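If you're wondering where the values come from, they're calculated on a predicted model, not measured in any experiment. Just so we're on the same page: letters track the sequence lines, and every chain starts at 1.
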Amino acid sequence: MELTHIFGELNKVQREAVASEPGPLLILAGAGSGKTRVLTYRIAWLIEALSISPLSILAVTFTNKAALEMRHRIESILGFNIRGMWIGTFHSLSHRILRAHHQEANLPEAFEILDADDQYRLIRRILKELQLNEEHWQPRQIQWFINNKKEEGIRSIHLKNDNENMDHTLLRIYEHYENLCQRFGLVDFSELLLRTHELFSNNQDVLKNYRTRFSYTLVDEFQDTNKIQYQWLKIITEPRNHIFAVGDDDQSIYGWRGARIENMTNFQYDFPETQIIRLEQNYRSTGNILQAANAVIDHNKGRLGKNLWTEDGDGDPIKVYAAYNDLDEGKFVLDTIHTWIADGHRRDSIAILYRSNAQSRIFEELLFDSGTPYRVYGGLRFFERAEVKDVLAYLRLIHNRNSDPAFERIVNVPPRGIGNRTLETLRDHSRKTNHSLWNSVIDLLSIDDTPMRIRTRLQAFVDLIDSIDKQIASLELHEQTSIVIDRSRLVPHYQKIGGEKALTRIENIEELVNAAKNFNSEPDADGVINPLEDFLANAALEAGESQAEAWQDCVQLMSLHSAKGLEFKLVFLCGVEEGLFPHQRSIQESGGLEEERRLCYVGMTRAMQQLFITWAEIRYLHGRENYSKPSRFLLEIPEKLIHNIRSINMQPDARIDRSAATDAITENDEIQLGSRVVHKSFGAGTVITIEGQGASARVQVNFEDAGNKWLVLSYANLNPE
DNA sequence: GCGGAGACCCTTTTT
DNA sequence: GGGTCTCCGC
């Protein structure tokens, strides 16, 4: 068979991986070594060379984005579409399986997915019911505990039986949570995985069905799997063990969320006769960048071992800039960016990476003021926004009256006189009767001693929901959405309270109609299509990544975590200071420091041509001034690979000078290039040049009446217009 | 029940 | 610095 279109694109080791005999295979794929390429070509090879049907292949990823991209890439190699092939995240695949076998999995047909926010609210409600103090029983920690246990495959019943030291109250909360979810058909993210795994272990018929169907399993980012995900993979793959796992232990950065790097080391023992292939040739970065990254990661113990190399040249040294404060750091980055763009590069070839999202603000301000287009990744995603979740909650309640999370969310949004007092009564009733909140309302309406005013308001709410339901019953999804938005009166509500954010919120609400319009519902296993149900599940499972402007040419700002898997010609690694990176809290955790170091490795290996590392001696964090030292990671890079733009070890004298200058800049930081200013005698004008810093800083201002003037900032007494 | 003023907290993020 | 949550007065 003619397979040059597959093999022609690959190097020798990649070819070996792609064309290896079916069987357990672990690919250790270093950063930039063509991981995705190997994965997609492997699938193409199975289909073309072994004539495996796409329907017999199961491909698992961690994000929806990765799943989508993989599908596109495979289709473009093959030249035909593979619509029926199962490519998805652990969660979306589990969801699909549970929908198809909800009875065997002991779930109601209309079971609902709880996202992290819904789960948090539910836990708080339980704490209240159990009359536990939130100070002592922090909802976040409970949430973390429950998810952690589920991700280890442990239910409350196991804790009860196996562990005598188990905290009694914690156990009671977990138990209560499980009961409530079971009773009302609520499934949180970890439950999707756990429940599917239990379905497979308890139901041989179902398991056999999937084992027969899927003869080949492939996993991406294997280093990020947690315990239950690994078991999920094992149970579906055995006994054939045709599993193809691709990962990089050096890029495991989600340990704090349950990912088990040990899964990589255990793989070869759990799947006997595992073949291990190392992809070490890097096609992304210059020699210097690779050497520096290798040197840093080499400080970690217990690695599987890998050394990246490249056939390309050394390139420029790593440039390190020691700033005196965060503003100076920002200005340096901005200047460098402008030079880079002036040299003819695209803006989207640039990434500013940082450890914590709070660091983006200063860069955003500077980029904004200089009129440089930029885009910040991370933060709240579309379907997680409060206003969007409100609309969805109306839809959820209409679809399933027994959805307590949806009920709680919107029963009084916009305010309709059903306050905490009434809600407490409802919750109380619900607890006693085991009825959902909605049914509790119905109950209360039929009880004679319910006060008239409460009765009126509850009735109005019931009527509203019922009447919207009736009105939208036979309409298209986007029409349903549009009517719900209209009749819920959420837009006027946000208009009323919104303030500055009102406009964005209303835009988001309206954008939801478009999202509904563009949503393609897939028929389930029985060929049934339920667009609304699908849409709601999808909203929970897919956070709603990048919206429209994703492809515009702008500077990219993101946390190091979100940068994994991406590459940029020019990378700035910012805030590389002890306490911030590695983060203070991670230094205290066991294994925390090594994970931070991997994060540093991930950051450095994003750079193709040029890597800048910056740190600031003074940083404003949480409104306070902090003094820092350069990160230990910086000191782990061999000096010969570094070009210092300013000495890391500042002279004491220089330090005084610089902090003085810092103050002056901070005081005047509203004066920027392009700022509108007013002078006592020259009147209004625009700042067109700024030179120097501190007491000697000078600006050139183009005054409307007086023309161009040079002024010394500390004497001129300029005020913002 | 509503809404404004102050207290409080604060890594990383996907599903 | 800023977003969320609580408390309190109306």
Side-chain angles (χ1 to χ4, degrees), chain A residues 60-67 88-95 113-121 124 134-135 138-140 147 150-151 187-193 221 224-226 228-229 253-259 326 353-362 365 377-381 383-384 386 411-424 453-454 457 496-497 499-501 537-545 558-565 575 579-589 592 595-596 598-600 602-603 619-625:
Chain A
V60 193
T61 63
F62 273 83
T63 66
N64 293 298
K65 201 171 137 197
T89 64
F90 280 102
H91 293 85
S92 68
L93 296 170
S94 296
H95 173 241
I113 301 174
L114 284 186
D115 70 11
D117 185 54
D118 299 330
Q119 186 187 33
Y120 177 77
R121 287 158 179 263
R124 291 190 63 188
E134 279 197 13
E135 305 252 306
Q138 290 180 6
R140 289 269 167 236
N147 289 336
K150 285 194 180 181
E151 274 155 19
V187 177
D188 62 42
F189 288 138
S190 15
E191 183 74 29
L192 285 168
L193 305 177
E221 307 277 16
D224 286 337
T225 49
N226 61 32
I228 194 73
Q229 286 163 338
I253 54 175
Y254 287 109
W256 52 275
R257 176 175 103 179
D326 43 6
L353 307 182
Y354 34 75
R355 178 65 178 85
S356 74
N357 282 316
Q359 285 167 255
S360 74
R361 209 197 80 247
I362 202 153
E365 281 171 11
Y377 287 76
L380 265 195
R381 269 160 290 276
F383 286 111
E384 284 171 351
V411 65
N412 203 30
V413 178
R416 49 174 72 88
I418 304 172
N420 243 328
R421 247 340 236 294
T422 312
L423 218 53
E424 278 307 325
R453 38 188 299 163
I454 291 179
R457 289 164 176 177
K496 195 174 149 206
I497 60 163
E500 262 183 52
K501 281 179 296 179
N538 187 71
L541 287 174
E542 191 195 324
E545 257 290 291
M558 67 190 85
S559 73
L560 286 157
H561 284 88
S562 348
K564 192 168 74 155
L580 184 61
F581 188 32
H583 197 275
Q584 195 57 47
R585 285 170 78 155
S586 70
I587 297 175
Q588 291 142 15
E589 288 161 19
E595 181 151 311
E596 294 282 302
R598 293 193 289 269
L599 194 53
C600 182
V602 167
R619 181 173 299 277
Y620 295 86
L621 267 179
H622 320 307
R624 300 188 130 243
E625 204 178 48

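Residue A:Lys496 places at least one side-chain N or O under 4.0 Å from the OP1 or OP2 atom of B:dG3. In this structure, A:Asn357 reaches the B:dT13 phosphate: one of its side-chain N or O atoms is under 4.0 Å from OP1 or OP2. The phosphate of B:dT14 has neither OP1 nor OP2 within less than 4.0 Å of any side-chain N or O from A:Asn64. Under 4.0 angstrom from either OP1 or OP2 of B:dT15 there lies no side-chain N or O belonging to A:Ser190.
When distances run from any side-chain atom of A:Ser562 to the nucleotides B:dC2, B:dT13, C:dG2, the shortest one goes to B:dT13. Of all nucleotides listed (B:dT15, B:dG3, B:dT13), B:dT15 comes nearest to the side chain of A:Thr89. Of the candidate nucleotides B:dT15, B:dG1, B:dT13, B:dT13 has the atom nearest to the side chain of A:Trp256. When distances are taken from the side chain of A:Pro415 to each of B:dG3, B:dT15, B:dT12, the shortest belongs to B:dG3.
Between the CZ atom of A:Arg140 and the P atom of B:dT13 there is a distance of 14 Å, given to the nearest Å. Counting to the nearest Å, the C1' atom of B:dT14 and the CG atom of A:Asn538 are 14 Å from each other. Residue A:Leu353 contributes atom CG, which lies 13 Å from atom C1' of B:dT12 at whole-angstrom precision. Atom CZ of A:Arg361 and atom P of B:dC10 are 19 Å apart (whole Å). Between the CZ atom of A:Arg257 and the P atom of B:dT15 there is a distance of 8 Å, rounded to whole Å. Between A:Glu542 atom CD and B:dT15 atom C1' the separation is 11 Å, expressed in whole Å. A:Arg421 places its CZ atom 7 Å from the P atom of B:dG1, with the value rounded to the nearest Å. When the P atom of B:dT13 is taken as reference, atom CZ of A:Phe189 falls 16 Å away, rounded to whole Å.
Between A:His561 and A:Tyr254, the ring planes are tilted. Angles from 30° to 60° get that label.
By the 4.5 Å heavy-atom criterion applied to side chains, A:Glu542 and A:Phe383 are not counted as neighbours.
At a threshold of 4.0 angstrom between heavy atoms, the contacts of A:Arg416 are confined to the sugar-phosphate backbone, with no base atom among them. At the heavy-atom level, A:Asn420 lies under 4.0 Å from the strands shown only through sugar-phosphate atoms. Using a 4.0 Å heavy-atom criterion, one finds that A:Gln584 contacts no nucleic acid atom at all. A:Thr422 comes within 4.0 angstrom of sugar-phosphate atoms only, judged by non-hydrogen atoms across all strands, and of no base. Residue contacts shown for A:Arg124 are limited to sugar-phosphate atoms, with no base heavy atom under 4.0 Å away. Here A:Asn412 lies in heavy-atom contact (under 4.0 Å) with sugar-phosphate atoms only. Heavy atoms of A:Tyr254 sit under 4.0 angstrom from primed sugar atoms or phosphate atoms, though from no base atom. A:Asp188 comes within contact range of no nucleotide atom at all, as no heavy-atom separation falls under 4.0 Å.
Without hydrogens or angle criteria, A:Asp115 side chain to A:Ala540 main chain gives no donor-acceptor distance under 3.5 Å.
Comparing A:Arg453 and A:Thr63, the nucleotide of DNA chain B nearest to each residue sits closer to the 5' end for A:Arg453. The 5' end of DNA chain B is approached more closely, in terms of each residue's nearest nucleotide, by A:Gly419 than by the other of A:His561 and A:Gly419.
Using a 4.0 Å cut-off between charged nitrogen and carboxylate oxygen, A:Glu595 and A:Arg598 count as a salt-bridge pair. The pair A:Glu596-A:Arg355 meets the salt-bridge criterion, since a charged nitrogen lies less than 4.0 angstrom from a carboxylate oxygen.
Here A:Asp326 contributes atom CG and A:Tyr620 contributes atom OH; the two are 7.0 Å apart, rounded to the nearest 0.5 Å.
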